[in-house]
Enquirer: 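For reference, the structure I am asking about is given below.
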Number of protein chains: 2
Amino acid sequence: MDHVAEPRWLDEREARAWRGFYTMHRRLDGAINRQLTRDAGLSAADYEILVPLSEAPGQRLRARDLGRLVNWEKSRLSHHVGRMERRGLVTRQGCPTDARGAFIQLTDSGRRAMETAAPGHVETVRGCFIDLLSGDELETLASIADRVIQRIDEGAPQDATDTDCGGKSTQRLR
Amino acid sequence: MDHVAEPRWLDEREARAWRGFYTMHRRLDGAINRQLTRDAGLSAADYEILVPLSEAPGQRLRARDLGRLVNWEKSRLSHHVGRMERRGLVTRQGCPTDARGAFIQLTDSGRRAMETAAPGHVETVRGCFIDLLSGDELETLASIADRVIQRIDEGAPQDATDTDCGGKSTQRLR
DNA sequence: CACAAAAAGATGACACGTCAACCTGACGCG
DNA sequence: CGCGTCAGGTTGACGTGTCATCTTTTTGTG
């Protein structure tokens, strides 16, 4: 009798937190992208790449290291850098010491775009998010994030609870 | 002398919360999409659409109403419903009373897919998120989300602070 | 040294979202 | 009635992200 445990649907409070979290992210993403586009013709992804580059010695980084810094998978990075290269924000250079490697170098134009965007970006992040939170809330949020990220990165248990899905009752599917 | 106020960069705590929030979302999104794909061949977006449809009388909704329920813009909805239609998850029907309207109807196959996915979905959301948070934290998060969403939906102040960008110093661009 | 395995990137195919038109039909109003 | 405006939806173009696959080079190991 491999009975399937009845799913533990979310209660009201849990659903509020969950839905809230998600739409909050979507709104923030929208706001940030709008600001960056308007002020400097950049996307949020562009900005994310430009920042570590601008702080790197010589304004350049190995793709590998850049990828680790921003925590992107290599395919995404490669595609995105390709697009940024076409727009003149960065260039690619081969690596002398490792023939597989690739350096990503910030161009002047890329640097200017980032410097143009930066002040408005912080202002947006503050105005739409940070400044709306108390110190305690900031701590709480960071702590939550640490927990969640660790949980998923490490022990994500494929939740392979062998759900045979006796799919009868479907009530609160959230 | 229209001096530009020096940007108020984020301090350590603020940056931790901000970065944490963002990567947390990315991880969660990944985990959820993997589970849905693996268990039922659905994307998170599919699931989001299927839920309200399955709860609607007659398993169908006007595109307009569906869009309001999930808070998507109409273009996104139309595109996505098109893709779901091609995969046999939903069908489109004209609306008799308003010739412009469109009904989106859940198919049996769509319903099955959702019922298959649902238990694992809740389990994932719990395991990777909800169950890691205390009651207080759930409240805090929901409260934060309310604040942020309202701020962006209503008074998003275009932060049009006329930044003439005397872009000299660029240090902590986060 | 030889050779398997791993690392670094690039690439093509495809799903997803957004923006900007665009079309059609409903509605208000003179 | 006639006309302007708006609402509901669709479409095409484009940027983005993921997956799977491939090539080349490095590295570890006998």
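These numbers come from the heavy atoms of this one structure, side chains and all, not from hydrogens, waters or symmetry mates.
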Enquirer: Whole Å only: how far is the OH atom of A:Tyr22 from the P atom of C:dG17?
Expert: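 Between P of C:dG17 and OH of A:Tyr22: 11 Å.
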Enquirer: OP1, OP2 of C:dC14 versus side-chain N and O of B:Arg87: anything below 4.0 Å?
Expert: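 False: B:Arg87 side-chain N/O out of range (4.0 Å or more) of C:dC14 OP1/OP2.
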Enquirer: Measure from the side-chain heavy atoms of B:Ala99 and tell me the nearest of D:dG12, C:dA26, C:dC16.
Expert: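 Nearest to the side chain of B:Ala99 among the choices is C:dA26.
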Enquirer: For the residue pair A:Asp46 and A:His80, confirm or rule out a side-chain donor-acceptor distance under 3.5 Å.
Expert: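 Side-chain D/A pair, A:Asp46 to A:His80: present.
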Enquirer: Between B:Arg16 and B:Glu12, is the closest basic N to carboxylate O distance under 4.0 Å?
Expert: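 A salt bridge is absent here (no side-chain N lies under 4.0 Å from a carboxylate O).
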Enquirer: With a 4.0 Å limit, can you tell me whether B:Ser75 has a side-chain N or O closer than that to the phosphate oxygens OP1/OP2 of D:dG9?
Expert: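 Checking D:dG9 against B:Ser75, no side-chain N or O comes under 4.0 Å of OP1 or OP2.
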Enquirer: Tell me whether the OP1 or OP2 atom of D:dC14 has a side-chain N or O from A:Arg83 closer than 4.0 Å.
Expert: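 For D:dC14, OP1/OP2 do not have a side-chain N/O of A:Arg83 under 4.0 Å.
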Enquirer: What is the distance from CE of B:Met84 to C1' of C:dC14, rounded to the nearest Å?
Expert: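 The distance from CE of B:Met84 to C1' of C:dC14 comes to 17 Å, rounded to the nearest Å.
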Enquirer: Do we see A:His79 stacking on the base of C:dT11, given a limit of 5.5 Å between centres and 30° between planes?
Expert: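 A:His79 vs C:dT11: stacking yes.
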Enquirer: Can B:Arg19 and B:Glu14 be counted as an ion pair, charged N to O under 4.0 angstrom?
Expert: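 No salt bridge links B:Arg19 with B:Glu14.
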Enquirer: Can B:Asp39 and B:Arg34 be counted as an ion pair, charged N to O under 4.0 angstrom?
Expert: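 Salt bridge between B:Asp39 and B:Arg34, a charged N being under 4.0 Å from a carboxylate O: no.
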Enquirer: Nearest nucleotide by nearest heavy atom, which residue falls closer to the 5' end of DNA chain C, A:Arg62 or B:Ser43?
Expert: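 In this pair, the answer is A:Arg62.
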Enquirer: Using atom CD1 of B:Ile49 as one end and atom P of C:dA15 as the other, report the distance to the nearest whole Å.
Expert: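 For the pair B:Ile49 CD1 and C:dA15 P, the rounded distance is 17 Å.
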Enquirer: Rounding to an integer number of Å, can you tell me how far A:Asp98 CG sits from D:dT24 C1'?
Expert: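 The distance from CG of A:Asp98 to C1' of D:dT24 comes to 10 Å, rounded to the nearest Å.
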Enquirer: Among the nucleotides D:dC19, C:dA26, C:dA8, which one has an atom lying closest to any side-chain atom of A:Lys74?
Expert: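 Looking only at heavy atoms from C-beta outward on A:Lys74, the closest nucleotide is C:dA8.
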Enquirer: Quick one: is C:dA8 close enough that its OP1 or OP2 comes under 4.0 Å of any side-chain N or O from A:Arg64?
Expert: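 For A:Arg64, the contact criterion (side-chain N or O under 4.0 Å from OP1 or OP2 of C:dA8) is met.
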Enquirer: CG of A:Leu77 versus P of D:dT16: gap in Å, rounded?
Expert: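 Going from CG in A:Leu77 over to P in D:dT16 covers 13 Å.
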Enquirer: Distance check: side-chain N/O of A:His80 vs OP1/OP2 of D:dG17, anything under 4.0 Å?
Expert: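 True: A:His80 side-chain N/O within range (under 4.0 Å) of D:dG17 OP1/OP2.
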Enquirer: What is the distance, rounded to the nearest whole Å, between atom CZ of B:Arg27 and atom C1' of D:dT18?
Expert: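 From B:Arg27 CZ to D:dT18 C1': 15 Å.
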Enquirer: State whether B:Arg64 and B:Asp98 are salt-bridged, where the test is any N-O pair (Lys NZ or Arg NE/NH1/NH2 against Asp/Glu carboxylate O) under 4.0 Å.
Expert: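 No salt bridge links B:Arg64 with B:Asp98.
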Enquirer: Whole angstroms only, please: what is the CG-P distance between A:Leu36 and D:dT16?
Expert: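 So the CG-P distance, A:Leu36 to D:dT16, works out to 12 Å.
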Enquirer: So, under a plain 3.5 Å distance rule, would you say the side chain of A:Ser78 forms a donor-acceptor pair with the base of C:dT11?
Expert: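 Such a pair does not exist between side chain and base.
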Enquirer: So which heavy atom on A:Leu42 is nearest to which on A:Ala117, and how close?
Expert: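 That closest heavy-atom pairing would be CD1-CB, 4.0 Å.
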Enquirer: Report the nucleotide, chosen from D:dT26, D:dG9, C:dT18, that has the shortest atom-to-atom distance to any side-chain atom of B:Ala102.
Expert: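 Looking only at heavy atoms from C-beta outward on B:Ala102, the closest nucleotide is D:dG9.
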Enquirer: Hey, is the side chain of A:Arg76 poking within less than 4.0 Å of OP1 or OP2 on D:dG17, counting only N and O atoms?
Expert: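 The answer is yes; a side-chain N or O of A:Arg76 sits under 4.0 Å from OP1 or OP2.
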Enquirer: D:dT18, OP1 or OP2 - any side-chain N/O from B:Arg34 closer than 4.0 Å?
Expert: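 Checking D:dT18 against B:Arg34, no side-chain N or O comes under 4.0 Å of OP1 or OP2.
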Enquirer: Are any of B:Arg92's side-chain N or O atoms less than 4.0 Å away from OP1 or OP2 of D:dG9?
Expert: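 So the side-chain polar atoms of B:Arg92 never come under 4.0 Å of the phosphate oxygens OP1 or OP2 of D:dG9.
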Enquirer: For the pair made of CD in B:Glu85 and P in C:dA15, what is the distance, rounded to whole Å?
Expert: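 The distance from CD of B:Glu85 to P of C:dA15 comes to 15 Å, rounded to the nearest Å.
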Enquirer: Where each residue is assigned the nucleotide of DNA chain D containing its nearest heavy atom, which of A:Arg100 and A:Arg86 is assigned the position nearer the 5′ end?
Expert: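 First, find each residue's nearest nucleotide; the 5'-ward one identifies A:Arg86.
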